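Right, one structure below, let's go through it.
Just so it is clear, the structure is predicted and the values come from calculations on it, not from any experiment. Every heavy atom of this structure was used, including side-chain atoms; hydrogens, water molecules and symmetry mates were not. Order of the sequence lines sets the chain letters (A, B, ...), proteins ahead of strands, with each chain counted from 1.
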2 protein chains.
Amino acid sequence: MSEKKRITLKDIAKNLGISVSTASRALNSYSGISDDTIKLVKDYAAKHNYVPNTMAVNFRKNKTLTLGLIVPELVHYFFSSAISGALAEAKKRGYTVLVSQTDELLSNEVYAARTMIASSVDGILISLSNQTINGEHLNELLEEGRPVVQFDKVLEELPTPKVIVDDFQGAYNAVTHLIEQGYRSIAHLNGFSTVKNSAERLRGYKQALTDSGLEIREDFIIHCKDISEEEGFEFTRQLMQLPNPPDSIFCITDLVAMGSMKFLKETGKKIPDDVGLIGFSNWNMANFVTPALSSVDQHAFKMGEKACQILIDLLKSGKIGKDETHIIPTELVVRDSSRRY
Amino acid sequence: MSEKKRITLKDIAKNLGISVSTASRALNSYSGISDDTIKLVKDYAAKHNYVPNTMAVNFRKNKTLTLGLIVPELVHYFFSSAISGALAEAKKRGYTVLVSQTDELLSNEVYAARTMIASSVDGILISLSNQTINGEHLNELLEEGRPVVQFDKVLEELPTPKVIVDDFQGAYNAVTHLIEQGYRSIAHLNGFSTVKNSAERLRGYKQALTDSGLEIREDFIIHCKDISEEEGFEFTRQLMQLPNPPDSIFCITDLVAMGSMKFLKETGKKIPDDVGLIGFSNWNMANFVTPALSSVDQHAFKMGEKACQILIDLLKSGKIGKDETHIIPTELVVRDSSRRY
DNA sequence: TTGAAAGCGCTACCAT
DNA sequence: ATGGTAGCGCTTTCAA
C-alpha cells in the first residue's frame, strides 16, 4: 500500500507563502482575489496535482453532489434504460449516482432508503416496489429537506414530484390500434390492480373498447401476479380455452407477450392472422422475435433523464419539490404481431 | 425547506452529562467502557433518533464505504446482470455503489474515473471500454492505495486483480458442439482483435477446428466493429455469398447472432438444418426467438459478485491487490439453433 | 473507565 | 486583496 499522499490546501498555502483562505478563494475563483494570485495558485495546484479532498468539502458544505437511485429491478430493459437516462443527466450536471435495487421487496427498499440517507445523498430518485403501499421510509429524507422524485412506479399519496408514463393513453392507443386492425374480441393480461400502472392500463383498455362500442368481458381480463413469461403462457392457454376465445391480446408487458406468443405458436395459431398480439415496454427483443412484437414504448431513457433533471433543479434551487405529476407520452410501435392489413 | 436538524454526538454528551469521547466510544461499543454507560448512551441515541453524520465519519476515517462501478454500457443484459451481482455483494457487506457508464468511450471512462476519485470511493470495479488501451487514468487510484478490480473487459498490463470469463473455453466448447452436430464449415463473426475477449474467442474457435482436424479458413473469419445486429446481418450476407458458404456460424455475441438469424431467415435458410447458429452471452432474448438461439452463458451475475467480493476483501485487509486472474467458467446452453439431431 | 483536546481539510466570516 | 481563525462532527491519543 503505497499511499502517495495528496497535497492539501495547507501545503499550497505554505509553499506559496500565502494563507489557506486565499488559496481556497483563488482555487474557487471567488471575487476579491487578484488575477495574479489566482493564476499563481491554480498553476501550482495543477503542477502538483492538487485534488481537493471531497470528503472534507462534503463535510463542510453538508452537500455531496451525490444522488440516490432506487429501482425494483436492474436487469430489465425499462429500468436499465431509465437509469441510463438518469446517469446521463446527472453526469451533465456534475452529480454522481448511488444505485440500489430492491428486487420488488419493500424490506429492501426501506434498507436502501436508509443506506442512502446514511450516505448523505443530496436527494433521491425512486421507482417503488410492487409491495410499497406507503412512503414512511421516504419521509425521513423529506423531513431533512432532501428532495425525493418518484418515477414510473409511484405512490400518489407521497407529496413529491412524479414522472410517469401515460399508461392510460398508451393502453388506449394500443387497443384502439387493434380495433382498427379489425380485431373485435380483445383480451387483456393485466398486472396487480393495486399498482397504479396496471390500473391505468386496464382503464385505457376498457375505455378504448367502450369508445368503439365493444363489450367489456370480464373473462377476458386476467391479472398476472409476477408479470412473467410463464404467466403469459399459462393465461393465454386459459384464454384460448374459453368457449369464445379472443382474437387478440393486449399484454401488460412484453415479457408476458413473449409467453403469450410462445403458447400461440406452439398451438399453431397464426400471429397476427388468427390472433393479434401487442405488448408494453418495447423491449429490444420485440424486434428480434418472429413475428416482431408490436409494443408501447415508454421512453424509459427520457423518463430517467427527466426525473433526474427535476431532482437536480430542486437541489439547485434549494426547494423540496411540489406534489406535481409530469406525464411522458407513450409511443405506439406497430410491428408484425398486430398488423393485419 | 423544513430541515429538521439531526442531533449530534455533542448533544448527546451534553444532555447526558458525559464527554463526547465517551459517547462516541459507547456508541461504537469500544472496550473500556462500562456496560451502564453503553446502555445509557445507546438508549438515548435510539430514543432521539441519532443518526451519525456520515460525511463527518468519512472525513475523519478517510473511508467512505462506497465503491465505484464503471461499465461500458448499462442497457445490456450482460452488464446489468453483472452490476446486479456486484450490488448484491456490496449490500451484503455494507457498501454502497456509485455507478457510471462510458458508452465505450475512453474520454468518458477517464472522466468517470476522475469523478470516482473525487467522490472518494474506497475502491473501483471496472469493465473497460473498447477504446481503452492503457490504464493511466486508473493509476491515480492505485497510487493512492485505493484498489481496483477489473472484470470482463480487462487490460492485461494493468496490475490489478481481474475477473474474466473463460472466453477461450467458451468458444472452444461452442465450436466443438457445432462439430459434434455434424457441421463442417464453421464461420466466425469475431470482434475487435485488440480486445482480449474477442481474441480469446477467436483462439478458442481456431483451436476447436484444429483439434477436430478441420481447416481454418481466413475468409470465414470476419471482424465486427461495433458488434451490432446490423453487422451480423451484413456479414452473414457476405459469408453466404462466398463460393463455398459456411454451414454454421459462431457469433461473438447474441446480438450479432440476431442479425445473422434475420438474414438467414429472410433468405429462406433453415436453422439449424441448412445453417447452424450459436451466440455468446446468453441474453434473455435467446430463449424467445425462433428458433431459440444456442449460446454461451457467461454467468454475469456471478462475475459481478465475485469481482465485488475480491474488492471488498482487499479493502478489509488493507491490501492493494495482486495482479491475479480469476476465471469464471462458461456454460454452453444448447437450444434449437444448433441442434441437428 | 472516563475526560480533554487535537485535528482531519476545507469554507466562510471577520479583520485588516 | 489578503490573512487569521473558528468550527463543521467525529475519532483517537494522551492523561487522569
[X] vs [N]: side-chain N/O to OP1/OP2 distance below 4.0 Å:
{"X": "A:Asn28", "N": "C:dT11", "result": "yes"}
{"X": "A:Lys10", "N": "C:dC8", "result": "yes"}
{"X": "B:Thr37", "N": "C:dT2", "result": "yes"}
{"X": "A:Tyr50", "N": "C:dG9", "result": "no"}
{"X": "A:Ser24", "N": "C:dT11", "result": "yes"}
{"X": "B:Thr22", "N": "C:dG3", "result": "yes"}

I want to verify a distance call: between [options], whose nearest atom is closest to the [X] side chain?
{"X": "B:Ile18", "options": "C:dT11, D:dT11, C:dG3", "answer": "C:dG3"}
{"X": "A:Ser21", "options": "C:dA12, C:dC10, C:dA4", "answer": "C:dA12"}
{"X": "B:Arg25", "options": "C:dA12, D:dG3, C:dG3", "answer": "C:dG3"}
{"X": "B:Asn53", "options": "D:dG9, C:dG3, C:dC10", "answer": "D:dG9"}
{"X": "A:Phe59", "options": "D:dT11, D:dC8, D:dT5", "answer": "D:dC8"}

So that I can tick it off, tell me whether [Y] and [X] are bridged by a salt bridge, with the cut-off set at under 4.0 angstrom between side-chain N and carboxylate O.
{"X": "A:Glu104", "Y": "A:Lys153", "result": "yes"}
{"X": "B:Arg93", "Y": "B:Asp313", "result": "yes"}
{"X": "B:Lys92", "Y": "B:Glu89", "result": "yes"}

task: Tell me what A:Thr8 touches on the nucleic acid: a base, only sugar-phosphate, or nothing, going by heavy atoms under 4.0 Å.
output: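 The residue A:Thr8 makes sugar-phosphate contact but no base contact.
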message: By the 4.0 Å heavy-atom rule, please label A:Ser34 as base, sugar-phosphate, or nothing.
response: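 Answer is sugar-phosphate: A:Ser34 comes under 4.0 Å of backbone atoms only.
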Figure out the [atom1]/[atom2] separation between [X] and [N], and round it to whole Å.
{"X": "B:Met55", "N": "C:dT11", "atom1": "CE", "atom2": "C1'", "value": "14 Å"}
{"X": "A:Lys61", "N": "D:dG9", "atom1": "NZ", "atom2": "C1'", "value": "18 Å"}
{"X": "B:Arg60", "N": "D:dC8", "atom1": "CZ", "atom2": "P", "value": "16 Å"}
{"X": "B:Ile38", "N": "C:dT1", "atom1": "CD1", "atom2": "P", "value": "9 Å"}
{"X": "A:Leu9", "N": "D:dG4", "atom1": "CG", "atom2": "P", "value": "15 Å"}
{"X": "B:Leu16", "N": "C:dT2", "atom1": "CG", "atom2": "C1'", "value": "14 Å"}
{"X": "A:Leu27", "N": "C:dA12", "atom1": "CG", "atom2": "P", "value": "13 Å"}
{"X": "A:Lys63", "N": "C:dA12", "atom1": "NZ", "atom2": "C1'", "value": "14 Å"}

query: Can you name the one residue among A:Thr96, A:Asp122, A:Asn58 that meets side-chain hydrogen bond (donor to acceptor under 3.5 Å, both in side chains) with A:Thr64?
result: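 Result for side-chain hydrogen bond (donor to acceptor under 3.5 Å, both in side chains) with A:Thr64: A:Asp122.
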message: So A:Leu74 and A:Val99, do their side chains get closer than 4.5 Å, heavy atoms only?
response: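 Heavy-atom side-chain distance check passes, below 4.5 Å.
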query: Relative to the ring of A:His76, is the ring of A:Phe78 parallel (under 30°), tilted (30 to 60°) or perpendicular (over 60°)?
result: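 The arrangement is perpendicular - the two ring planes meet at more than 60°.
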